[in-house]
Undergrad: 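I'd like to ask you about the structure that follows.
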There are 2 protein chains.
Amino acid sequence: MNFSELRRQLYGLPKCLFGRVQVAAAQCRGTALHGGAHRRVLRSCLPKGNAEKQKEERSRGGAAGRFSRARIHGLTIAPRFAGWQCVPLKCTREGKPRAIMPTIVVASHPEPCRMNITAVARKARVSTATVSRTINGSSSVQAGTAERVRKAIAELGFHPDINARALGSGRSSLYGLIISDITNPFFPELVKAFEDAAVAHHKEVLIANTGYDPKRLDICVKRMLQRKVDGVAIMTSEMDDALLDVFQKRKIPLVLLDAHPASPGVSSVRIDHSAGMLQAVQHLAELGHTRIGFISGPLNLPSARERHTAFQAACKQFRIRLMPRRMTQGDHRVDGGYKAMQQLLQTNTDLTAVVCSNDLTAIGAMEMLFESGLRVPEDISVVGSDDILLSAYTRPGLTTVNVPREDLAGAAFRSLLSYTLGADVNVVGQEHIFTPKLVCRGSTAANASRSDEEP
Amino acid sequence: MNFSELRRQLYGLPKCLFGRVQVAAAQCRGTALHGGAHRRVLRSCLPKGNAEKQKEERSRGGAAGRFSRARIHGLTIAPRFAGWQCVPLKCTREGKPRAIMPTIVVASHPEPCRMNITAVARKARVSTATVSRTINGSSSVQAGTAERVRKAIAELGFHPDINARALGSGRSSLYGLIISDITNPFFPELVKAFEDAAVAHHKEVLIANTGYDPKRLDICVKRMLQRKVDGVAIMTSEMDDALLDVFQKRKIPLVLLDAHPASPGVSSVRIDHSAGMLQAVQHLAELGHTRIGFISGPLNLPSARERHTAFQAACKQFRIRLMPRRMTQGDHRVDGGYKAMQQLLQTNTDLTAVVCSNDLTAIGAMEMLFESGLRVPEDISVVGSDDILLSAYTRPGLTTVNVPREDLAGAAFRSLLSYTLGADVNVVGQEHIFTPKLVCRGSTAANASRSDEEP
DNA sequence: CTGTTAGCGCGTTCAG
DNA sequence: CTGAACGCGCTAACAG
C-alpha cells in the first residue's frame, strides 16, 4: 500500500474520486507544516492494520504525540488552496474520529471533464483497448461494439491526444519542414504545398525558419528532435553535413533540396538548374543578346553555386563570352540585387542583359536600373529565377525561370511518407529531379544596340 | 508476479535486459502454436515455487503432458521473427534442463540507444528527478550535481521528449496560429514575428492554413485540440462564434484579430482601421482628389467591413462625396482587384483616385489601369492597405496604409503567454489596438484634372 | 537537497 | 473478440 492510498483510505475518500488527492502544505502559525512533521501527524492516524509502520514510527520517538490539538487547530489553509474542497478526516483508528480532522485540507481537484479514452470506454461500456482498436481500425472489432464506441466518441466529442499517442507508439505523425525564411516569397507556396500534402495524409507539419542563421538552424534541429518528428525536409540551402549524422543516427528520414542523397535514409528533390539556365540564356541569345551579366546568390550556398555554374555552362553552349567583370554576387535579396547591379553598371557600360540567381535579386536590379534612368527591357533585359508571385506584378513583368515549388514540396513529402509506410531507412533514398520552365514576361526584349562584340 | 516476469525468470534473462521479452508466435507444423497451447507448454516448465499455478493447471487436465518432445521439436520460427535473438530456455525445474528449450524463440529487441532521462540519470549517477529539475531549473539543485548532469546531457546529446513532457505536465508549450493562407503576402511576416516571439520564449508554433474554407477551419481546430495547444491565435477573419465555445470549454486562451473579446480567456489585437483610412483619405484630399473610388474586400469578412465603413467615415470627415457607383467589391486578391477596377472604370469616367481594401487588390487595380492605358499616378492615384513586401517594388511603388504586422503578432503571442504565466483564463482578455501609418510611394500624386465637382 | 514513484493517455500485448 | 495490464518518457508530489 502506498502512502497516497493510505491517505485516501484515511480520509474516507471514495476510490472513484478522480484526480490526485493531496494534502495541502498548510501553514501552522506562519511556519510551514510540511515534510516530516506533516507525515508524522498522518502516521499517528494509521489504522491498526499497519501495525508495522506504527511500530517503526513509535520506535523513532513517538512523534504522534508531539502535536497537540491546539497546535493542529492552528493550521490555516494556504491561500493557493482557497476554495478547494475540504474533506473531513475520517480516522479509522479504533473507530474514534479525532479532533484534528477538519483542519487538514484535502485537495481533490474537481473532476475535470477528462476527455480520454477511458471516458469513452466507460460510456460505451467496453474496455479502453476496444476503443483504441476501433479508432485505429486495427484488429477486428465486432460491428455492434464498434458502432457503440463510435457513437460514444461522437457524443463526447473525443479527440485522441496526439502527444500520448506519439509517446506510446513512437510515431508522431509529425514532419519537420526547415526553410530559410518564410518572408522570402519563394517559400510560402512550398510550405503550403507541403502542408496540403501532409494534411491529406493526416499528418502534421512543424515549420522552422532558420533565418539564414546557422545557429538558429541548430535550434530548429533540436526542436525537430524533441518533437520526435517522423521525417524532416530541409529546404534551406545552408546545410551542414554534421546535421545529416544527427538525423541518421536517430533513423529519421531526410529530404534535401538540391543535394545528392549520399546517406541511408536521405532522399532529395532537385531542380535541374542547367536546364533552366539553358532556357534563360537561349531566350536571351535568340533576342540577340551577347553581353550578358550575371548576379549570383551567396556562393557558399550550394544552390547558388549550381545556378552560377549552370549559367556559365549555358553561356558556353550558346557561345556567349564569359567575363569576370560581368559576374557579381548578390545575397538573394532585393538589397543585394540593387547593390550588385550598381556594381555591374560601374564596371560594365555595354551590358544588354542581366540574368539573376533569383527573382528578388532581379527586382532589386530592376529598381537600380530604373533609378539609373535605364529602361527595362528597352535598354537592358532582366531575367530572374524562381517565378515568385511578385514577379508577375512588377512593371514590367519579370521574365523568369519558373521553379515548380508545389511539385517540389509534394515530392519531398511523399519521399518522407514512403519511409513511414515501410521503406527501409537504411537504404539511400531516391532523387527526384524537376525541370524548371522559362516564363516570358515584359522584362526581356530584343537587343536594340547593334554593336555586337562578336559573331 | 506477471506472466512476463515469470517468463523472464524462466528464460534466465537478466533483469537489465532492455526492451520487451516476448515469445514468438512460433508455428508448429504449419499450425500456429499460440494462445492456450503455448501457455500450457510454458506452464509445464514453471519452477516448483509456483506450485499453486501448477496445481491449477494440472487440475484442468494436465496439459503439460500433451506436447511430446517430437511435436515441440517441430516448432519453426515464424518468418517475421527471423534474425531475432534466440535465447536458450533455461528451465529451473529441479535443475534439469528440458529438451524443448531451444525451440522457443525469445525475442529481445536489441538494446536501442535510448536517449531518455534515465540514461542521463545513470550516467550522472543521480535520479531522474534531479535531471528533470536541472533541465527545468525548477527547484534548487546543488551546483556540483547540476554540473554533472549538464555534462552528461551534453555528452549524450540528450533532448527531452516534448511529447512526454506535455503528457506528464499537461502543458504542451505549443501555440496554434490559424491563418487564411500563407501564400497571401499579408501573412508571412505575421507568422515570422509570431514564431520569433515564441522561439524566444522556448515555445513552439503550430501553423494552420484555413485556405478561406470553413471546413478546413474545423480540421485546423481539431488539429489544435489534439495537440493540446496552450493557446490559439486566430488571425483569419472568417470566424465562427461556435469555435469560441470549443476553446473556452477546454480553457484554451484565444487571441482574435479585429474582434472584440467578449468571452473569458479571449483577448484581441485590433487594427485601428479608421485611423488608417483617415490618413489615406486625408492624403488624397490634400492632393486635391474629390472623386475617389473604393474597392472593398469580401463584405462578409468583418475586417473588410470595418475598412469599408472606415473609408466612408473618413470621406464624410473630409467632405468627399460618397457615391454607390464608386464603391465596389473585390476579393482581397489580385484578380478581384483587377475585375473590380474594370467595373469601376465602366461605371465611372471621372475617378481621380481609388482606395483599395488591401494591397493585392490595389496591385490588381493598377494592372487593370495600366492595360486600359491610364497612367498611375498621373491619371489616377491608387492607395492600398497593409504594406506588403510587394508594394514597395511595384512600378510605381504603392502608396499604402502600413499595418504593423510584427507588432500585431508579437502582441498576440504575448497575450497568450500571459495566460500560461498565470493570468486567469476566466477573465475576459485585453484588447490591444494598433494604429496603422500611411506610407507614401509613387502611386499617388496631385489631382491634375481641374474639373472638381464641388468645393 | 535528492531519491522514489504515481500517473499523464494512449497503443500494444497477452490471458481468457 | 474482449478485457486487463504494461510501458512509452517525463513531471510533480511525496519521502527521507
Side-chain angles (χ1 to χ4, degrees), chain A residues 2-7 18-25 34-36 38-40 42-43 60 107 112 114-121 125-136 138-146 149 158-171 226 228, chain B residues 2-5 7 18-23 25 34-36 38-40 42-43 112 114-121 124-136 138-146 149 158-172 226 228:
Chain A
N2 334 350
F3 215 82
S4 302
E5 173 61 11
L6 184 154
R7 250 196 342 247
F18 250 93
R20 296 175 187 179
V21 175
Q22 58 185 139
V23 173
H34 65 280
H38 169 64
R39 290 194 293 272
R40 275 192 294 276
L42 282 172
R43 286 250 173 79
R60 282 202 213 165
R114 295 209 180 190
M115 273 316 319
N116 54 19
I117 204 169
T118 314
V120 176
R125 280 173 299 124
V126 292
S127 69
T128 58
T130 305
V131 177
S132 175
R133 277 189 284 256
T134 309
I135 293 172
N136 299 306
S138 57
S139 305
S140 46
V141 179
Q142 218 157 7
T145 316
V149 171
F158 166 76
H159 301 297
D161 182 330
I162 296 209
N163 292 312
R165 178 178 280 180
L167 181 59
S169 69
R171 278 167 281 114
Q226 288 190 312
K228 293 272 182 295
Chain B
N2 321 341
F3 214 83
S4 302
E5 173 61 11
R7 250 195 341 248
F18 252 93
R20 297 174 188 181
V21 176
Q22 58 183 136
V23 174
H34 66 281
H38 170 64
R39 291 194 293 273
R40 275 192 292 277
L42 282 172
R43 286 248 174 80
R114 295 212 182 188
M115 273 315 318
N116 53 17
I117 203 170
T118 313
V120 176
R125 280 172 299 126
V126 292
S127 68
T128 59
T130 304
V131 176
S132 176
R133 277 190 282 257
T134 308
I135 294 171
N136 300 308
S138 58
S139 304
S140 47
V141 178
Q142 215 157 13
T145 316
V149 171
F158 165 76
H159 300 296
D161 182 330
I162 295 210
N163 292 313
R165 176 179 284 178
L167 183 58
S169 69
R171 278 167 283 112
S172 63
Q226 287 191 312
K228 293 270 184 294

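Within every chain, numbering begins at 1; the chains are lettered A, B, ... in the order of the sequence lines, protein sequences first and strands thereafter.
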Undergrad: Find the distance A:Arg165:CZ to C:dG11:P and express it as a whole number of Å.
TA: 4 Å
Undergrad: Taking the side chain as C-beta and beyond, is there a heavy-atom pair between A:Ile117 and A:Pro160 under 4.5 Å?
TA: no
Undergrad: Can you check whether A:Ser127 has a side-chain N or O nearer than 4.0 Å to OP1 or OP2 of D:dT2?
TA: no
Undergrad: Respond yes when some side-chain nitrogen or oxygen of B:Thr130 is under 4.0 Å from OP1 or OP2 of C:dG3, and no when none is.
TA: yes
Undergrad: Can you list, pair by pair, the side-chain donor-acceptor contacts under 3.5 Å of residues 164-171 of chain A, counting residues two or more places apart and other chains?
TA:
residue: A:Ser169; atom: OG; partner: A:Arg165; partner atom: O; Å: 2.8
residue: A:Ser169; atom: OG; partner: A:Arg171; partner atom: N; Å: 3.3
residue: A:Ser169; atom: OG; partner: A:Arg171; partner atom: O; Å: 3.4

Undergrad: Expressed in angstrom and rounded to an integer, what is the separation of B:Ile117 atom CD1 from C:dG3 atom P?
TA: 12 Å
Undergrad: To the nearest angstrom, how far is A:Asp161 atom CG from C:dG9 atom P?
TA: 7 Å
Undergrad: Compare side-chain N and O positions of A:Asn136 against OP1 and OP2 of C:dG11 and report whether any pair is under 4.0 Å apart.
TA: yes
Undergrad: Checking contacts here: which listed nucleotide (D:dC10, C:dT2, C:dT13) is nearest the side-chain heavy atoms of B:Asn116?
TA: D:dC10
Undergrad: Out of D:dA4, C:dC10, D:dG9, which has the shortest distance to the side chain of B:Ala164?
TA: D:dG9
Undergrad: NA contact type, A:Asn163, heavy-atom cut-off 4.0 Å: base, sugar-phosphate, or nothing?
TA: nothing
Undergrad: Over how many whole Å does the gap from B:Arg133 atom CZ to C:dG3 atom P extend?
TA: 8 Å
Undergrad: At 4.0 Å (heavy atoms only), tell me whether B:Ser169 reaches a base, stays on the sugar-phosphate, or touches nothing.
TA: sugar-phosphate
Undergrad: Decide yes or no, distance alone: a donor-acceptor N/O pair under 3.5 angstrom between the base of C:dG11 and the side-chain of A:Arg171.
TA: no
Undergrad: As an exercise, state the distance from CD1 of B:Ile135 to CZ of B:Phe158, rounded to the nearest 0.5 Å.
TA: 4.5 Å
Undergrad: Starting at atom CE of A:Met115, determine the distance to atom P of C:dC8, rounded to an integer number of angstrom.
TA: 15 Å
Undergrad: Got a sec, which residues hit side-chain contact (heavy atoms from CB on, under 4.5 Å) with B:Thr134, two or more places apart in sequence or on another chain?
TA: B:Thr130, B:Val141, B:Ala146, B:Val149, B:Arg150
Undergrad: What is the distance, to the nearest angstrom, from the CD atom on A:Gln226 to the P atom on D:dC8?
TA: 20 Å
Undergrad: Can you tell me the distance, in whole Å, between the CG atom of B:Leu167 and the C1' atom of D:dG9?
TA: 9 Å
Undergrad: Given atom CZ of B:Arg125 and atom P of C:dT4, what is their separation to the nearest angstrom?
TA: 15 Å
Undergrad: Can a side chain N or O of A:Thr145 be found less than 4.0 Å away from OP1 or OP2 on D:dT2?
TA: yes
Undergrad: If you check the A:Val141 side chain, which of C:dT12, D:dT2, D:dT11 turns out closest?
TA: D:dT2
Undergrad: Evaluate the side-chain contact (heavy atoms from CB on, under 4.5 Å) criterion for residues B:Asp161 and B:Asn116: first the C-alpha distance (whole Å), next the side-chain angles of each, then the deciding distance (0.1 Å), finally the verdict.
TA: CA-CA 8 Å; B:Asp161 182 330; B:Asn116 53 17; over 6 Å; no
